[in-house]
Amino acid sequence: MPIQNPTWWKEMSVYQIWPRSFADGNNDGIGDLHGVLEKLDYIKSLGVDAIWFSPLYPSPNADYGYDCADYKNIHPEYGDLDLFKQVLDGAHARGIKIILDLVINHTSDHHEWFVKSKEGPESEYHDYYFWRKGKKPGGKKPPNNWLSVFEGGAWEYNKDLDKWYMHVFAKGQPDLNMANPKVREEVKNILRFWLEMGVDGFREDVITYISKREGLPNGFPLMPVGRGMEHWTSLPLVKDYLKEFKEVLDEYGAFTVGEAPMMTPALAKEYITDEAGNLLDLMFHFKHMEADCFLIDWIGLPFSLKKLKKAFSTWQREMHGVGWNANYIENHDHPRIINRYGSLNYRVQSGKMLAAMYILQSGTPFVYQGQEIGMTNITLDRLDQFKDVITFNNYNLVKKLGVSEQRFVKVANRRSRENARTPVQWTGEKNGGFCDVDPWFPVNPNYPEINVETAEADPDSLLHWYRALLNFRKENPVVIYGSYRKHYKSSRSLYVYSQELDGKKMLVICKFGDKPVQFSAPQGFDLTQAKQVFGNYAAPETQTNGFVTKPWECRVYMWD
Ligand code: GLC
Ligand code: CA
């Protein structure tokens, strides 16, 4: 018996859709739900069990849906509620669950609540947000020294009210005051609205940010962005709020995964326990996304395999039997993984290795659109081709330090999350088959080579590899529930781990880089007695317990 309670959401794997760039069903250059409907069979064919939709709600797109203007509707660019229901039914008919993004740390400044809150203290919506008088004298200085993580200061002045509103993210994303019980009732209504319709769960956006320190005190002064963070990250009341929401979620048996920047395993255990009464089922932490940067993607460092192994191994060890891991290597907030941790020269080999590396660990794996065909970063020439508020904010910051636009664009091409937001490449035709008209954001010019159609036709493609991995995982409890052990701890180019369960063993060997090294099987793992179940090169005719690695080689062995 696994020591970790079997549960459906532990066994599932999830496909993430960032709707604007997934599939354009009505050929206006913007992805939509018509496109999703057409691709449901494709998604099913991957072997995933659920779709997580990044926000589908109406939004003025200050942050492409993460600024929500109406929680109970669908963005007209994507379709409408009827079309969404068709997608929901179509997914359910195929045994695929639907997980929506729940963005409740903030709304859009176009949301009706915010518009009404601007009418002043008489409005019942005024206290839905953080409206404060400026600092004395004159009130012309913001109420505290907080800086947003997306767009300058964390406060915006409103002349009519002579007050400031707070936004941890962009100006168009005013923070909701979750301490107001009316706001929490609204959240519960939103949950009920979608759960009644049949939605299966939520990915909760920056959920550890939803409580702000009483009195909104000044933050640690030296932080250049996100100053004040210690007053809005993982405060004790977050748990009280989640407990309230959980009562509604439990009525429907809904699944939750919370996004949690700077999360540590110790703190995570306060939210995700393996028992009834947990506050969240899963959490997205960021530690393994910091193997080539300092805290955020934009502060780049050379890739360190040791850091990567440590992050994965720590979370595996800490969650085993007490919580559960959400395993991912890509999403809409990070550049493509092959560019970061793999190699463009060995795109398919390194992509396969990275896929096996994380999908075969204990946990619930997430695959981001385009990851399954090995899409890569795009190279743009000019700043005005970019679209993301973070990119512009960072430019404004470094411009002051004398960094030229040209130099900045070079960095953005490697570090911006927009790399993950180019339209999905479906075919080798114009615009990768995404649309005929000009797409809302450039298609990566490598689409003639990298696209779904080509990958379907090639039995050795990454796409088929992803399918095989996801199916293999589903058929082998040792992958899902096994206990993880790291080998070759101090190697700078080998990541080797095993999973064991009820006498079954699996060994995953991942070679980072193209320089050959000698691999010898760890004690207790006799490769001559094992079955090789995966390999990104042809399997050797006879297995030996030592071999010299090929570039970005990956092998997986099983023992019964
Ligand atoms: C989360 C989302 C990100 C968004 C931010 C603000 O980090 O994943 O895309 O910009 O929250 O909502
Ligand atoms: Ca469209």
Self-check item: side chain to side chain contact (heavy atoms under 4.5 Å, CB included) between Phe53 and Tyr78, intermediate numbers included
Solution: CA-CA 12 Å; Phe53 281 108; Tyr78 301 155; over 6 Å; no
Quiz prompt | Derivation and outcome, side chain to side chain contact (heavy atoms under 4.5 Å, CB included), residues Ile359 and Asn327 | solution = CA-CA 7 Å; Ile359 288 177; Asn327 294 333; over 6 Å; no
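Of the possible donor and acceptor atoms, none in the side chain of Thr107 sits under 3.5 Å from a partner among the backbone N and O of Gln173. Looking only at distances, no side-chain donor or acceptor of Asn431 sits under 3.5 Å from a matching main-chain atom of Gly433. Not a single donor-acceptor pair under 3.5 Å links the side chain of Asp63 to the backbone N or O of Tyr66. In terms of modelled atom types and a separation under 3.5 Å, the side chain of Arg417 and the main chain of Thr391 share no donor-acceptor contact. Proximity of a side-chain donor or acceptor of Asp101 to a complementary backbone N or O of Phe202 within less than 3.5 Å is not detected.
In the model, Tyr497 has no side-chain atom that pairs as donor or acceptor with a side-chain atom of Gln316 under 3.5 Å. Checked by atom type, the side-chain pair Gln532/Gln543 shows a donor-acceptor distance below 3.5 Å. Neither side chain, Tyr209 nor Thr233, offers a donor N or O lying under 3.5 Å from an acceptor on the other. Counted by atom type alone, Asn419 and Ser416 present zero donor-acceptor pairs between their side chains at under 3.5 Å. Between the side chains of Thr364 and Trp9, no donor N or O sits under 3.5 Å from an acceptor N or O. A donor atom on one side chain and an acceptor atom on the other are found under 3.5 Å apart for Tyr42 and Glu372. Of the N and O atoms on the side chains of Gln16 and Ser54, at least one donor lies less than 3.5 Å from an acceptor on the other residue. For the residue pair Thr376 and Asn446, a side-chain donor N or O sits within less than 3.5 Å of a side-chain acceptor on the partner.
The existence of a salt bridge linking Arg336 and Glu330 is confirmed by a sub-4.0 Å separation between a basic side-chain nitrogen and an acidic carboxylate oxygen. Between Lys171 and Asp109 there is no salt bridge, since no side-chain nitrogen of the basic residue lies less than 4.0 Å from a carboxylate oxygen of the acidic one. Using a 4.0 Å cut-off between charged nitrogen and carboxylate oxygen, Asp205 and Arg203 count as a salt-bridge pair. A salt bridge between Asp292 and Lys307 is absent, with no side-chain N of the basic residue lying under 4.0 Å from a carboxylate O of the acidic one.
Cation-pi geometry between Arg555 and Phe547 is met: the NZ or CZ atom falls under 6.0 Å from the ring centre, inside 45° of the normal.
Using a 30° and 60° split on the angle between ring planes, Tyr368 and His332 fall in the tilted class, from 30° to 60°. A perpendicular orientation is assigned to the rings of Phe284 and Tyr328, their planes being inclined by more than 60° (bins at 30° and 60°).
Evaluation of the salt bridge (charged side-chain N to carboxylate O under 4.0 Å, His left out) rule for Lys287 yields Glu290 as partners, not counting sequence neighbours. Qualifying side chain to side chain donor-acceptor pair (under 3.5 Å) partners for Tyr57, counting only residues two or more places apart in sequence or in other chains: none.
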N/O donor to acceptor pairs below 3.5 angstrom from side-chain atoms of residues 394-408, sequence neighbours left out:
from	atom 1	to	atom 2	distance (Å)
Asn396	ND2	Phe392	O	3.3
Ser404	OG	Arg407	N	3.1
Glu405	OE2	Leu383	N	3.3

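In this structure, Phe84 has its ring center under 6.0 Å from that of Trp194.
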